[in-house]
Novice: 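Take this structure first; my questions come after.
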Amino acid sequence: MQKFCLLWITLFLNIVNIQAQDYELGKVTIAELQEKMHPADSSAPAAILFKKAKTVFVYNDKTGFSTVHTYQFKIKIYKKEGLKWADQKVHYYVGYQNLNEDLLSFSNAATYNLENGRVEKTKLESQGTFKKKINEYWNEKTIILPNVKVGSVIEYKYVLKSEYIGKFPDFDFQYSIPLNYFEYKTEFPEFYIYKTLLVGRSPIEENSKMVSGSQNFSNEYGQSQIMTYKQIDGFYSGKNIPALKEEPFVNNIENYRGSIRHELERVRMPNQPVKDFALTWEGVASSIFKENHFGKELDKKSYFLEDVRKCLANVESQTDRMNTIFKFVQNKMNWTEKNGYFTEKGVEKAYRDQTGNVAEINFILINMLNVAGIKVDPVLVSTIENGVPIYPTQTGFNYVIAAVEIDGQQILLDASRKYTSPGILPLNVLNWKGRLIKSDGISKQIDLIPVKSSRESVTITAVLSGDGKIDGKARISRTDYEAYKFRTQESNKNEENYIEKLEQRLGDLKISDYLITNKVSNLSDPIMETFSFETNNFVENIAGKLYISPMLFFTSSKNPFIQEQRQMGIYFGYPKQEKYLMNLEIPQGYIVEALPAPARFSLEDKSITVMLNVLNDGNKIQFTFSKDINNTIFAADYYDALKTLFQKVIACQNEKIVLKKI
């Protein structure tokens, strides 16, 4: 019995030791290399066995405090698709004006394989590391780990050194593959207070404590010095984090990725006044306006006064003045495809060059509208790809637009793109809320999502012959954001190629007499497409009866929501109405035997409503379908209801009109 107990104690200690080693680089086990699939996700092509990170402060007498971020990864490859994890890329910032560039270095990179029952390690050589410049702000370093194959375990470490302490790189703990374990340690001197934001749905452990800290450094005379202080040590950890997988109708997957974010909130250095950073939105607005590349640029007007005078000659109403100035700036200026709410070369040079970033173009617009006597303010925005700023922050914004007020109505403007119009913004700007700011520090949150529904309306008049051929005419009208989306996607395409693809998309029709209006002009008006068509593809003849899809080539056949569960919210972009009116003349010698049943579906709160109706009068059949999506984003909790609703709609659309011979 004693030997039995000793055996179990030995086994227990060995297990504890193995578990501790699992979270250290260089400790790869045979069991890890033999594992064929992830125990919790058999579909995973790879898994992160652990991710560890630590953020600490270091002190230099010349530059003061800076940060060192250390990251360690250990990854298991299960399938061929997982081999891409052997290539690791890290971006780092080099675009500071008053700070030295960030520095990044890789180390401890190696691949482990099981060869003849033994663990074989292949180290990364220097030729496996690459560096390139992304743009004037960002560099990238890449490592390509050697000898990686299905079954391998790879690991690496990198260190990021930065003098910028305002915001740290996000610590992500959720990826497109599962993550078994993570831990993140932080050591913040008491002089710096950071906001901590936890993003994602996975539960994590966290705690913090106050301890003693110190820094050794050399003063300007080369003498060794020591600084002592209190510091806040933080610790975050989590286990069994599921993969974050792509889902349809998602605005930005980064809004849902599990991560830990830190942004500087307050500095309280000894014998100095406390300095607050972005504690309130008013503070953010005030600090941004004080920047030379923002507030001062909104005061410059002399360079365009003569052009404004010419533009507004005999233009009286404020609405007409707004439209005139907007078109002038939109036509004159060309976007450099750079975002930002600060100018780069300044509005005067941008105006002369007729090119600028988003801030320069929209500041020119704001300045001209001000001169025209129109009430206008800048609005800070975070674009969809930049994420959602949840708390007061400067770094959360990356874009600026204009907000005009005429007769108590607010109109949002962005003149940087060629197909926008007053009230119609680029699609990636429709990201929840913006922050309208004024020079006196006052700010307020405003909705970026439009209230008015954009419409796509289709009218078809068709004649059916006894052999199943359909000849008809179609008219498609698109308004507001539906028109804007069409223009951005199709306006630069050759019309002949577009018609060919349209024929294919609508089920191999033969289209003739195609006409489109307002494609690149009259941007506030609907786009209208009209064409004639003929087809033999939407009628089935079974035992002498004709079966017709009532919506013809606009019939939906697949539910976009096919997953069992949903992790992320469902994003539709903007309120939208789809409406279809089909008028069908049936052939002589036939009568209606069966029609689809009228139907009406909606979510409980009426945020989505769907209506189908069909009427028969002699040899005429009229079918109507409408779908109204009144909300732009739905929480994941709505997923089952949405999935069921869309499935019902598809089922109704696929019911057939049945004709039989008299």
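FYI, side chains are in, hydrogens and waters are out, and symmetry mates aren't considered; it's all heavy atoms of this structure.
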Novice: Can you confirm whether the side chains of Asn252 and Glu385 place a donor and an acceptor under 3.5 Å from each other?
Specialist: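 Note: Asn252 and Glu385 side chains miss the donor-acceptor criterion.
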Novice: Does the side chain of Lys245 reach to within under 4.5 Å of the side chain of Ser43, using non-hydrogen atoms?
Specialist: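 Side chain of Lys245 against side chain of Ser43, heavy atoms only: contact under 4.5 Å found.
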Novice: If we count only N and O atoms by modelled type, under 3.5 Å, do the side chains of Ser259 and Arg261 hold a donor and an acceptor together?
Specialist: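 Yes - a donor-acceptor pair under 3.5 Å links their side chains.
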Novice: Output all residues satisfying ring pair (Phe, Tyr, Trp, His ring centres under 6.0 Å) with Tyr571, sequence neighbours left out; order by chain, then residue number.
Specialist: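 Partners of Tyr571 by the ring pair (Phe, Tyr, Trp, His ring centres under 6.0 Å) criterion come out as none, since no residue qualifies.
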Novice: Rounded to the nearest 0.5 Å, how far apart are CG of Asn630 and NZ of Lys576?
Specialist: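 These two atoms lie 13.0 Å from each other.
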Novice: Show your reasoning for whether ring pair (Phe, Tyr, Trp, His ring centres under 6.0 Å) applies to Phe625 and Phe554.
Specialist: CA-CA 11 Å; Phe625 170 85; Phe554 290 104; over 10 Å; no
Novice: Are Asp307 and Tyr351 close enough that a side-chain donor and a side-chain acceptor fall under 3.5 Å?
Specialist: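 Judged by distance alone, the side chains do pair up.
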Novice: Which residue is it: Thr624, Leu584, Leu595? I am looking for the one with a side-chain contact (heavy atoms from CB on, under 4.5 Å) to Val614.
Specialist: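 Answer to the side-chain contact (heavy atoms from CB on, under 4.5 Å) test with Val614 among Thr624, Leu584, Leu595: Leu595.
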Novice: Run the side-chain donor-acceptor check on residues 472-480: report pairs under 3.5 Å with partners two or more places apart or on a different chain.
Specialist:
from	atom 1	to	atom 2	distance (Å)
Lys473	NZ	Ser532	OG	3.2
Arg478	NE	Glu456	OE2	3.3
Arg478	NH1	Glu529	OE1	2.5
Arg478	NH2	Glu529	OE1	3.4
Thr479	OG1	Arg455	N	2.9
Asp480	OD2	Lys452	NZ	3.4

Novice: Do Leu413 and Pro422 have side chains that approach each other closer than 4.5 Å (heavy atoms only, starting at C-beta)?
Specialist: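 Contact flag for Leu413/Pro422 side chains = yes.
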Novice: What's the spacing between Glu246 CD and Gln567 CD if we round to 0.5 Å?
Specialist: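 Going from the CD atom of Glu246 to the CD atom of Gln567 covers 11.0 Å.
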Novice: Do Ser416 and Glu360 have side-chain heavy atoms sitting under 4.5 Å apart?
Specialist: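 Contact flag for Ser416/Glu360 side chains = no.
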Novice: Which is it for Lys648 and Val610 under the side-chain contact (heavy atoms from CB on, under 4.5 Å) test, yes or no, and what are the steps along the way?
Specialist: CA-CA 10 Å; Lys648 289 180 179 178; Val610 179; over 6 Å; no
Novice: How are the rings of Phe561 and Tyr639 set to each other: parallel, tilted or perpendicular (split at 30° and 60°)?
Specialist: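 Answer is perpendicular, since the angle exceeds 60°.
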Novice: At their closest point, which heavy atom of Asp41 faces which heavy atom of Ala243, and how far apart are they?
Specialist: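 Closest approach of Asp41 to Ala243, heavy atoms only: OD2-CB, 4.4 Å.
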Novice: With a 3.5 Å cut-off and no angle check, do the side chains of Asn428 and Thr383 form a donor-acceptor pair?
Specialist: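 Absent: no donor and acceptor within the cut-off.
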Novice: Would you say the side chain of Val250 lies within less than 4.5 Å of the side chain of Tyr256, judging by non-hydrogen atoms?
Specialist: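 Side-chain contact under 4.5 Å: yes.
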Novice: Using a 4.5 Å cut-off on heavy atoms from C-beta on, say whether the side chain of Pro426 contacts that of Tyr484.
Specialist: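 In contact.
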Novice: To the nearest 0.5 Å, how far apart are CD in Gln318 and CG in Asn323?
Specialist: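 So the CD of Gln318 and the CG of Asn323 are separated by 12.0 Å.
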Novice: Do side-chain atoms of Asn559 reach the backbone of Val649 as a donor and acceptor pair under 3.5 angstrom?
Specialist: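 Checking the backbone N and O of Val649 against the side chain of Asn559, no donor-acceptor pair under 3.5 Å is found.
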Novice: Using a distance-only test with no angle check, is there a side-chain donor-acceptor pair under 3.5 angstrom linking Lys510 and Thr535?
Specialist: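 Distance-only check fails for Lys510 and Thr535.
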Novice: Give a yes-or-no answer on whether the side chains of Asp467 and Ser465 include a donor-acceptor pair shorter than 3.5 Å.
Specialist: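 There is such a pair between these side chains.
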Novice: Can you name the side chain to side chain contact (heavy atoms under 4.5 Å, CB included) partners of Leu298, sequence neighbours left out?
Specialist: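 Residues passing side chain to side chain contact (heavy atoms under 4.5 Å, CB included) with Leu298: Phe289, Phe294, Phe363, Ile366, Asn367, Pro378.
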